[in-house]
Amino acid sequence: MVSFSIIIPVYNVQEYLARCVESVVNQDYPKDKLQVLLVDDGSTDNSGALCDTLAAGHSFIEVYHKTNGGLSDARNYGMERATGEYILFLDSDDYLSIDACAKFAELIAQQPENPDVVAAAMVKHIGEEEVLVGRVSETLTTGEEFLITELRDGKLCVAACSYIFKNSLLKDKDISFWKGILHEDEDFTPRALLAAKSVLSTNIGFYHYVIRENSITTMKDRTPNAICFFTISRKLTPVFDALPNVTLRKLLKTHLAKIMYKTICDARLFTKEKRRHIDYALLKENSIYFSEKLRYLLVRISPRLLYRITALRRR
């Protein structure tokens, strides 16, 4: 029976933390096979004290209090102390289905050998609405084959919380989160999947993602997000360029291009002050197929023109 380390970064989430922790405490799975790491990342509300309260009486829950370093730093802190065979990342304002670990353990036991990564589904909660986002078939492939399929279908999910990772994979390949940057999953997840010899895809909807106001993903000023997307793309471009698989290399570079064009529109990088954040050379380098080349032409003419045409297509 496999063991799991569930890493929960905590920062000023006293309103949601109990629901999150209870979803782990109530797991229908032997508690001696669970390690829960509550990493209080310098909370300024009652979250830190609440961690201690919620952990009381549960020997499998470990609480750590540290100075604030951001989400990536808190996750890395937990990874360094994780002892389970598999690692799950759980944000403290989200929660797990109570049978998540049991279902994963059963699925893993059915495989000829333990996969490096399990790619699963997420349940998005938008107000009262629930939307299942994930895979529809169960397949076992290499990390490269998984990426090719997901990218071709336009369904690649980079959210680290939608996967479980073999602890030894992350440690042996020295894969961690980039500290101090937004959208760190855009960097972490592709590198982890490229390193994986085996990826098991499943439609198990284990993770409940609650979209709330004032979260990172709902901030109104998207300029910092755009800056981080371009920074991540600059880091990943040479990594992808070095891949021997030509098909995968083109698909991953196109993925970066799509992200950059999308963030230009989302952040509305129209003004002279904001346009300076656009890395035109990087866009051109990663625009391989016709649709991206056309977007490059549009953004060179005017980022506002790209935005208007994109908005029309979305409507």
Side-chain angles (χ1 to χ4, degrees), residues 2-9 35-37 39 41 62 64 66 69-91 104 108 111 113-120 122 135 140-151 156-202 206-207 216 228-245 248-249 251-253 255-256 259:
V2 299
S3 57
F4 299 95
S5 290
I6 303 173
I7 299 173
I8 307 176
Q35 178 197 25
V36 179
L37 300 103
V39 183
D41 191 39
E62 303 170 13
Y64 299 94
K66 59 181 286 297
L71 178 61
S72 292
D73 191 48
R75 283 177 172 174
N76 291 339
Y77 192 95
M79 287 166 60
E80 292 170 0
R81 291 156 179 79
T83 58
E85 292 175 73
Y86 284 91
I87 290 177
L88 285 77
F89 297 104
L90 174 58
D91 289 346
F104 282 132
I108 291 169
Q111 309 309 312
E113 60 181 38
N114 290 0
D116 287 333
V117 179
V118 179
M122 302 177 76
R135 291 89 190 167
L140 181 64
T141 63
T142 65
E144 290 194 356
E145 290 169 341
F146 174 82
L147 279 166
I148 289 173
T149 300
E150 295 287 294
L151 288 166
L156 178 65
C157 177
V158 297
C161 293
S162 70
Y163 300 85
I164 67 171
F165 302 90
K166 188 182 283 186
N167 195 350
S168 58
L169 170 74
L170 301 181
K171 285 184 168 61
D172 292 347
K173 299 298 183 179
D174 194 26
I175 299 171
S176 59
F177 290 92
W178 189 348
K179 181 181 177 181
I181 199 164
L182 297 172
H183 304 288
E184 58 285 318
D185 291 359
E186 285 286 356
D187 167 66
F188 176 89
T189 302
R191 290 190 295 111
L193 290 171
L194 284 171
K197 293 181 179 179
S198 57
V199 177
L200 178 61
S201 182
T202 175
F206 79 109
Y207 191 98
I216 290 176
C228 288
F229 275 130
F230 276 103
T231 302
I232 290 169
S233 296
R234 276 190 287 272
K235 175 186 175 183
L236 289 180
T237 293
V239 175
F240 296 162
D241 282 335
L243 295 173
N245 188 315
L248 179 58
R249 182 167 70 241
L251 286 170
L252 282 169
K253 287 171 70 68
H255 171 72
L256 290 182
I259 290 171

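Treat the numbers as computed from the prediction; the structure is a model and nothing was measured.
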Q.
Is any side-chain heavy atom of Leu156 closer than 4.5 Å to one of Leu251?
A. no

**Q.** Point-to-point distance, once rounded to the nearest 0.5 Å, from NE2 of His255 to OG of Ser233
**A.** 8.0 Å

Q.
Run the side chain to side chain donor-acceptor pair (under 3.5 Å) test against Ser5 and tell me which residues pass, sequence neighbours left out.
A. Gln35

Q: Apply side chain to side chain donor-acceptor pair (under 3.5 Å) to Tyr86 and list each qualifying residue two or more places apart in sequence or on a separate chain.
A: none

Q | Lys173: salt bridge (charged side-chain N to carboxylate O under 4.0 Å, His left out) partners, not counting sequence neighbours | A | none

Q) Quick one: does Leu194's side chain get under 4.5 Å of Leu147's, heavy atoms only? A) yes

Q: Evaluate the side-chain proximity of Thr149 to Thr141: yes if any heavy-atom separation is below 4.5 Å, no if none is.
A: no

Q | Any donor-acceptor pair under 3.5 Å from Asp41 side chain to Gly69 backbone | A | yes

Q) Is the number of heavy atoms from other residues, nucleotides or ligands under 6.0 Å of Lys179 NZ greater than 12? A) no

**Q.** Any residue meeting ring-ring contact (aromatic ring centres under 6.0 Å, His included) with Phe4, in chain and number order, not counting sequence neighbours
**A.** Tyr29

Q: Just jot down the side-chain contact (heavy atoms from CB on, under 4.5 Å) partners of Thr231, sequence neighbours excluded, or say none.
A: Trp178, Ile181, Ile227, Arg234

**Q.** Minimum-distance pair of heavy atoms, taken over all atoms of Thr189 and Cys157
**A.** CG2-O, 4.2 Å

Q | Sub-4.5 Å side-chain heavy-atom contact between Val2 and Ile164 | A | no

Q | Side-chain (Tyr163) to main-chain (Phe89) donor-acceptor, under 3.5 angstrom | A | no

(Q) I need the full list of salt bridge (Lys or Arg N to Asp or Glu O under 4.0 Å) pairs touching residues 235-245, with sequence neighbours left out, sorted by first then second residue. (A) Asp187-Lys235, Asp241-Lys253

Q.
Quick check for you: to the nearest 0.5 Å, what is the distance between Ser176 atom OG and Glu80 atom CD?
A. 8.5 Å

(Q) Take a 6.0 Å sphere around CD of Glu113 and say whether it holds more than 12 heavy atoms from other residues, nucleotides or ligands. (A) no

Q: With sequence neighbours excluded, tell me which residues meet side chain to side chain donor-acceptor pair (under 3.5 Å) with Glu85.
A: none

**Q.** Stepwise side-chain contact (heavy atoms from CB on, under 4.5 Å) check, Leu37 with Met79
**A.** CA-CA 9 Å; Leu37 300 103; Met79 287 166 60; over 6 Å; no

**Q.** Pairing residues for Asp185 by the side chain to side chain donor-acceptor pair (under 3.5 Å) criterion, not counting sequence neighbours
**A.** Arg75

(Q) Quick one, Phe188 and Ile232 - any side-chain contact, counting heavy atoms below 4.5 Å? (A) no

Q.
Under the rule for ring-ring contact (aromatic ring centres under 6.0 Å, His included), what residues qualify as partners of Phe104, not counting sequence neighbours?
A. Phe206

Q: Report the distance from atom NE2 of His183 to atom CZ of Phe229, rounding to the nearest 0.5 Å.
A: 4.0 Å

Q. When rounded to the nearest 0.5 angstrom, what is the spacing between CG in Leu248 and CD1 in Ile148?
A. 5.0 Å

Q | Taking every non-hydrogen atom, the tightest pair across Ser198 and Asn114 | A | OG-O, 4.2 Å

Q | Interatomic distance, Leu236 atom CG to Leu252 atom CG [nearest 0.5 angstrom] | A | 8.5 Å

**Q.** Residues that Arg81 engages under salt bridge (charged side-chain N to carboxylate O under 4.0 Å, His left out), provided they are two or more places apart
**A.** none

Q. If you count the non-hydrogen atoms of other residues, nucleotides and ligands that lie under 6.0 Å from NZ in Lys66, is the total more than 12?
A. yes

Q. Residues two or more places apart in sequence or in another chain: which of them pass ring-ring contact (aromatic ring centres under 6.0 Å, His included) with Tyr77?
A. Tyr64

**Q.** Separation of Leu193 CG from Phe165 CZ (nearest 0.5 Å)
**A.** 6.5 Å

Q: Let me see the working for Val36 and Leu90 under side-chain contact (heavy atoms from CB on, under 4.5 Å), right down to the final yes or no.
A: CA-CA 10 Å; Val36 179; Leu90 174 58; over 6 Å; no

**Q.** Heavy-atom pair with the smallest gap, counting every atom of Ala82 and Lys171
**A.** O-NZ, 3.5 Å

Q) Which residues satisfy the side-chain contact (heavy atoms from CB on, under 4.5 Å) test with Ala196, sequence neighbours excluded? A) Asp116, Val117, Leu169, Val199

